[in-house]
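What follows is a set of notes on a single structure, which appears directly below.
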Amino acid sequence: MSRHVAIVTDSTAYLPAQTMERHAITAVPLTVVIGDRALEEGTEISARSLAEALQKRRSVTTSRPAPEVFAAAYRAAAEAGARGIVSLHLSAEVSGTYDAALLAAQDAPVPVRVVDTRMVGMALGFCALAAAEVAEAGGSLDEVAAAAEKRAANTSAFFYVDTLDYLRRGGRIGAAQALLGSALAVKPLLQLDGGRIELREKVRTASKAIARLEEIAVEQAGTGPVDVAVHHLCAPDRAAVLAERLRERLPTLEDLQVTEVGAVIGAHTGPGLLAVVISPR
C-alpha cells in the first residue's frame with residue numbers, strides 16, 4: 001500500500017497477521033531469552049513454548065529490540081516510499097523498546113515520530129490501527145501521531161493473573177507490591193495506569209475476579225462505538241466465555257478480538273492470564 005506516512009509498531013501489539021498486512025503495519029520483534037537462547041517473539045517462539053518453559057521454572061527474561069533493528073525497519077519504509085514514519089510502542093515504564101526506537105529515529109532517512117503509547121497488547125494494537133486509518137486517508141505525520149495518541153488516551157486495559165510470582169520476578173508490579181504478603185489469599189485484578197501495572201482491586205476467587213473483569217469492561221465501554229480485545233495465556237475457555245458475555249452486553253461493540261498473548265507479555269504474567277482491553281472509538 002503506497003502512502004506518505006508509514007506505521008511501525010512492535011510485536012507486543014499482537015495484531016493478527018492479516019490485519020497488519022491489510023493496513024501495511026510493520027512490527028519490530030522483541031526478544032525472549034530462555035536459558036542462553038535468544039528467540040524473536042512471533043517467529044521463533046510460541047506462547048505455548050514459553051508457558052512450558054515457565055512451568056518448568058526455566059530462566060526466562062525479555063529484551064528490547066536493538067536500535068539497529070528499528071533503523072532497518074525505518075530504512076525499509078523510506079525505500080518503499082514513505083515520507084514520514086509514526087513508530088508506536090509499548091509503555092516505556094515496562095520496556096526499553098521506546099528508547100531504542102528513539103535512538104534509531106535520530107539517523108532515519110525520513111522524519112520519525114516515536115510515540116510511547118503507555119499501552120501494551122491490543123491496547124497498543126488499537127492505537128496502531130487508528131494511526132493506520134488516518135495514514136490511509138492521507139493524513140500528515142502530525143495527524144497520524146495525534147490519532148494514535150488520542151486512541152491511547154481513551155483506551156483502558158485490565159487483567160487477572162493466577163499468581164503475582166512472574167510479575168514479581170520481572171519487577172513489573174508497581175503498587176501491587178503491597179499484595180505480595182497476601183498473594184496466596186487473594187486474586188489480584190490489575191490495570192495499566194500511566195503506563196505502569198498497578199493494583200485495581202483484590203478479589204477472593206478466580207471466578208469472582210473474572211466476573212469483576214466483565215463488569216469493569218462494561219463500565220469502561222460507555223455508550224458509543226467501542227473496540228474490545230480479550231487476551232489470555234493458556235486459558236482459551238476462560239477467554240471465550242468472557243468474550244461471549246461482552247458481545248451480549250455491549251450493544252455498541254464494533255470489533256472484538258480474542259487472542260493469546262505472545263511470549264514477551266506471557267513471560268511476565270504466566271499461564272492463566274486473562275485480560276480485557278476497552279478502546280472507545
Side-chain angles (χ1 to χ4, degrees), residues 10-20 27 30 32 41-42 45-56 60 62 90-91 94 119-126 129 155-167 169-170 172-173 176 183 186-192 197 199-201 203 205-218 220-221 226-250 253 255-279:
D10 60 67
S11 59
T12 69
Y14 301 136
L15 287 164
Q18 62 270 27
T19 299
M20 291 180 57
L30 275 73
V32 177
E41 180 175 47
I45 181 170
S46 68
R48 295 308 171 96
S49 297
L50 179 278
E52 289 175 7
L54 290 174
Q55 288 163 346
K56 293 176 180 176
V60 179
T62 59
L90 80 163
S91 174
V94 298
M119 294 288 155
V120 71
M122 275 298 297
L124 168 58
F126 286 135
L129 289 174
T155 296
S156 305
F158 307 90
F159 58 106
Y160 160 82
V161 290
D162 277 335
T163 173
L164 284 170
D165 190 41
Y166 301 106
L167 286 165
R169 291 183 207 172
R172 286 172 168 82
I173 48 177
V186 300
K187 294 295 184 182
L189 284 179
L190 306 169
Q191 65 182 16
L192 278 176
I197 298 170
L199 172 66
R200 168 81 182 205
E201 55 194 69
V203 186
T205 65
S207 60
K208 288 182 179 179
I210 294 168
R212 184 67 185 125
L213 260 187
E214 177 186 328
E215 294 305 320
I216 291 171
V218 172
Q220 291 288 324
V226 64
D227 296 330
V228 174
V230 176
H231 285 311
H232 71 93
L233 181 61
C234 300
D237 294 341
R238 279 179 177 174
V241 170
L242 177 57
E244 188 55 37
R245 290 284 298 155
L246 292 176
R247 195 186 302 276
E248 293 171 358
R249 296 189 62 184
L250 296 176
L253 181 65
D255 182 24
L256 176 61
Q257 302 270 352
V258 182
T259 59
E260 189 164 43
V261 298
V264 168
I265 300 306
H268 297 291
T269 62
L273 163 75
L274 189 62
V276 61
V277 173
I278 305 296
S279 186

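The basis for the numbers below is simple: all heavy atoms, side chains too, and nothing from hydrogens, waters or symmetry mates. Note that the coordinates shown come from a computational prediction; the quantities given were computed from them, not determined experimentally.
For M122 against A229, the heavy-atom pair with the smallest separation is CB-CB, 3.4 Å. Annotation for P271 and L54: closest pair CD-CD1, 4.1 Å, computed over non-hydrogen atoms. Across all non-hydrogen atoms, the minimal contact from S279 to T155 is OG-OG1, 2.8 Å. When every heavy atom of L274 is checked against every heavy atom of L213, the shortest pair comes out as O-CD1, 3.6 Å. Minimum heavy-atom separation, L253 to D255: CD1-O, 3.7 Å. Listed here is the closest heavy atom pair of L199 and P188: CD1-CB, 4.3 Å.
Side-chain atoms of S11 come within 3.5 Å of backbone N or O of L30 as a donor-acceptor pair. D162 places no side-chain N or O within 3.5 Å of a backbone atom of G270 that could act as its donor or acceptor partner. For the pair R238 (side chain) and G272 (backbone), a donor-acceptor distance under 3.5 Å is present. In this structure a side-chain-to-backbone donor-acceptor pair under 3.5 Å is missing from Q220 to I278.
Side-chain contact between Y160 and V203: absent, with no pair of heavy atoms (C-beta onward) separated by less than 4.5 Å. A 4.5 Å side-chain heavy-atom check between S156 and Q191 finds every atom pair outside the cut-off. Side-chain atoms of E260 and L233, non-hydrogen and from C-beta on, do get closer than 4.5 Å to each other. Looking at E41 and D10, their side chains never come closer than 4.5 Å, going by heavy atoms from C-beta outward. Between M119 and F126, the closest side-chain pair of non-hydrogen atoms is not below 4.5 Å. Contact of the L273 side chain with the F159 side chain is registered, since non-hydrogen atoms from C-beta on lie closer than 4.5 Å. Side-chain contact between E201 and I216 is present, with heavy atoms from C-beta onward closer than 4.5 Å.
Between the CD atom in Q18 and the CE atom in M20 there is a gap of 10.5 Å [rounded to 0.5 Å]. Between the CG atom in L250 and the CG atom in D227 there is a gap of 11.0 Å [rounded to 0.5 Å]. Here CZ of R200 is found 6.0 Å from CZ of R212. Values are rounded to the nearest 0.5 Å. Note that CD of Q257 is 5.5 Å distant from OG1 of T19, once rounded to the nearest 0.5 Å. Here the CG-CZ distance, from L242 to R247, works out to 11.5 Å after rounding to the nearest 0.5 Å. To the nearest 0.5 Å, atoms CD (E52) and CD1 (I45) are separated by 9.5 Å.
Qualifying side-chain hydrogen bond (donor to acceptor under 3.5 Å, both in side chains) partners for H231, counting only residues two or more places apart in sequence or in other chains: T259.
The pair E215-K208 does not meet the salt-bridge criterion, since no charged nitrogen lies less than 4.0 angstrom from a carboxylate oxygen.
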